[in-house]
Amino acid sequence: MISVYHYLILSAIIFSIGTFGVLTRKNAIVIFMCIELMLNSVNLTFIALSRHLQNMDGQIFVFFVMAVAAAEAAVGLALMIAFYRNRESIDTDDFNMLKW
Amino acid sequence: MSALELQSLLPQIILALGATTVLMLGAWYPSRKWILGGVVIALFAALSAGLMTPAVPEVGNLYSTGSYARFFVVLWSLLGALSLLLSLRYAEIHDLPGSEYCALILFAICGMSLLSAATSLIGLFLGLEAFTLVFYILIAFKREDSRGAEAGLKYLVMGAVATGFLAFGISLIYAASGSFHLPEAFAGLEQAGGMRPLGLAGWALMLVAIGFKVSLAPFHLWTPDVYQGAPAPVTGLLATGSKGAVFASLVPLFAALGPLKADLEQVLWLLAALSLLAGTFAALPQRNLKRMLAYSSVVHMGYLMIGLLVGGSEAHRALLFYLISYAFATLAAFGVLTSFSRVDDEPQEYADFRGLGYLHPRRSSLLAACLLSLAGIPPLVGFFAKFGIIAAALKGGYPGLAVIAVLAALTSLYYYLAPIVVLFMQQRDARQLRRGCRHEYFVLALCFSAILLLGVYPAPLLDLLTGILP
């Protein structure tokens with residue numbers, strides 16, 4: 001029998017994978033994919049909890065998270081294009097004009 | 001949503017609909033005059049928030065319409081209107097599209113006022129995201145400027161990760177308490193039993209996210225880069241409004257926290273102390289005004305954190321007073337930078353300011369006054385604000401933090417006086433910078449009178465803050 005704890009553990013694992021990817025990857029688009037992974041693990045938690053608690057609020061939050069993730073991806077890709085036009089790269093190693 | 005609820009949320013609706021209208025009409029009639037229209041919309045929202053009595057105390061279990069929330073709608077609308085006025089000439093010089101810029105700033109104000117009014121974790125999440133998304137765009141608004149794009153991308157990656165942490169933290173609190181609505185969410189956490197550790201872990205994740213958004217050490221590393229890369233008027237709003245709105249939403253959150261606060265106390269203590277120390281040490285060697293202000297803002301966030309940690313109505317009043325004094329001084333400092341900026345570049349290195357006090361005496365003196373107020377020199381408002389926070393820390397039983405705060409304030413004199421020395425006491429070899437325009441002088445004079453008047457005569461504002469605190 002799969003209980004709510006299994007879902008929570010699964011989403012914690014996915015969230016950790018996403019966080020790890022954000023910290024270690026160099027390509028901005030891959031970092032973005034990792035952020036999407038984090039947000040989707042949050043969605044999984046909310047849906048599992050919503051069913052467990054017999055409460056619709058969690059599912060409503062999922063819609064908001066999806067909307068925010070979509071908006072963030074749109075803005076993020078536009079920023080990457082702006083950065084790429086200037087620097088011909090989207091590698092985080094090239095984020096080096098502003099430091100100290 | 002009933003008509004009464006719509007009426008109660010009218011100021012935010014004015015901001016959002018006004019922004020949409022400006023955005024749509026701007027597509028047909030592109031003009032920089034829209035920025036002036038945005039000022040009118042923001043002032044209109046402030047007026048409606050100040051004068052109209054809301055019909056219901058809470059809208060949709062999401063946003064409060066109490067006097068506390070209304071006060072911050074007025075404050076953020078005024079700050080937004082001031083930064084729009086500041087941007088008028090800046091947008092002309094840098095050839096920024098007027099209607100888009102204006103609409104984005106209005107959306108940001110709307111998000112900030114929603115966040116300060118949040119009474120539920122959903123409302124908190126939505127308000128926070130509403131203005132962070134806008135700032136991602138505004139930071140990189142100068143398209144051909146590669147530093148702007150880099151700053152925007154850095155802020156976006158950090159901000160998106162913080163969003164993930166915030167959402168996951170909220171989900172864990174929801175797991176433990178079964179509610180998003182604020183008093184219930186914490187009350188549920190108290191009785192949660194086996195789920196209680198989960199709720200506390202959720203709080204930890206939320207604190208990480210909040211730390212990112214208001215740049216508390218050790219989550220402050222994006223701050224100097226973003227301040228430096230963003231256009232000066234945008235940095236002004238980012239430094240004041242976006243951080244202020246988060247703190248304004250945290251005050252009722254912590255007031256509702258109850259006995260749970262004892263579990264968080266050590267973490268909050270550590271965040272406050274680390275921000276004070278890390279900000280101070282990083283600000284000392286800076287030779288770039290924007291980066292120095294960024295690190296010093298980390299220190300200011302540390303002071304605000306002390307107010308939050310001490311709790312109680314007196315400490316919260318000191319926190320809000322500090323927030324307002326910081327907002328006006330910082331906005332004026334970035335306003336001076338805006339009014340100096342030319343087509344090719346904004347002056348921000350100390351070398352650009354050498355002897356500028358002789359060439360542009362009025363604006364240089366104003367910049368000096370802002371820095372002195374931030375440093376906490378009487379009779380400017382910063383002194384009174386710092387005094388309030390430190391007194392609250394002593395009364396609340398945090399002598400260690402009070403000592404660190406006093407030391408940080410003393411050390412801050414060094415990095416705040418350094419640019420003033422450069423402005424007034426060195427060989428005058430700076431080039432002539434841009435002449436200011438009327439709008440900029442108006443905003444700067446308004447901020448300066450606020451800094452001075454509140455410092456000499458703070459009683460009315462303190463009374464007002466006592467009245468609105470929940």
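In what follows, chains are A, B, ... by sequence order, proteins preceding strands, each numbered from 1.
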Give, as side chain, backbone, both or neither, the part of [X] having an atom under 4.5 angstrom from any heavy atom of chain B.
X: A:Thr19; value: side chain
X: A:Phe15; value: side chain
X: A:Tyr5; value: side chain
X: A:Leu8; value: side chain

*So which of A:Met38, A:Glu72, A:Met80 has the largest heavy-atom pair count under 4.5 angstrom toward chain B?*
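Looking at each option in turn, the highest pair count goes to A:Glu72.
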*Counting only heavy atoms closer than 4.5 Å, note whether B:Ala130 contacts chain A via side chain, backbone, both or neither.*
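The answer is neither part of B:Ala130.
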*Please work out whether the ring planes of B:Phe125 and A:Phe61 are parallel, tilted or perpendicular, with thresholds of 30° and 60°.*
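Tilted, since the angle between the ring planes falls between 30° and 60°.
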*Hey, could you give me the CZ/CD1 distance between B:Arg143 and A:Ile81, rounded to the nearest 0.5 Å?*
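Reported value, rounded in 0.5 Å steps: 11.0 Å.
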*asked:* Once salt bridge (Lys or Arg N to Asp or Glu O under 4.0 Å) is applied, what residue pairs with a partner in residues 2-25 of chain A remain, sequence neighbours excluded?
replied: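 Listed by first then second residue: nothing to list.
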*So, do A:Arg85 and B:Glu144 sit near enough that their side-chain heavy atoms are less than 4.5 Å apart?*
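The answer is no, as the side chains (C-beta and beyond) never meet within the 4.5 Å cut-off.
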*Where A:Leu39 and B:Gly164 come nearest, the two heavy atoms and their spacing*: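 The answer is CD2-CA, 3.8 Å.
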*Under the ring pair (Phe, Tyr, Trp, His ring centres under 6.0 Å) rule, collect the residues that match up with B:Phe212, sequence neighbours excluded.*
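So B:Phe212 forms a ring pair (Phe, Tyr, Trp, His ring centres under 6.0 Å) with B:Phe219.
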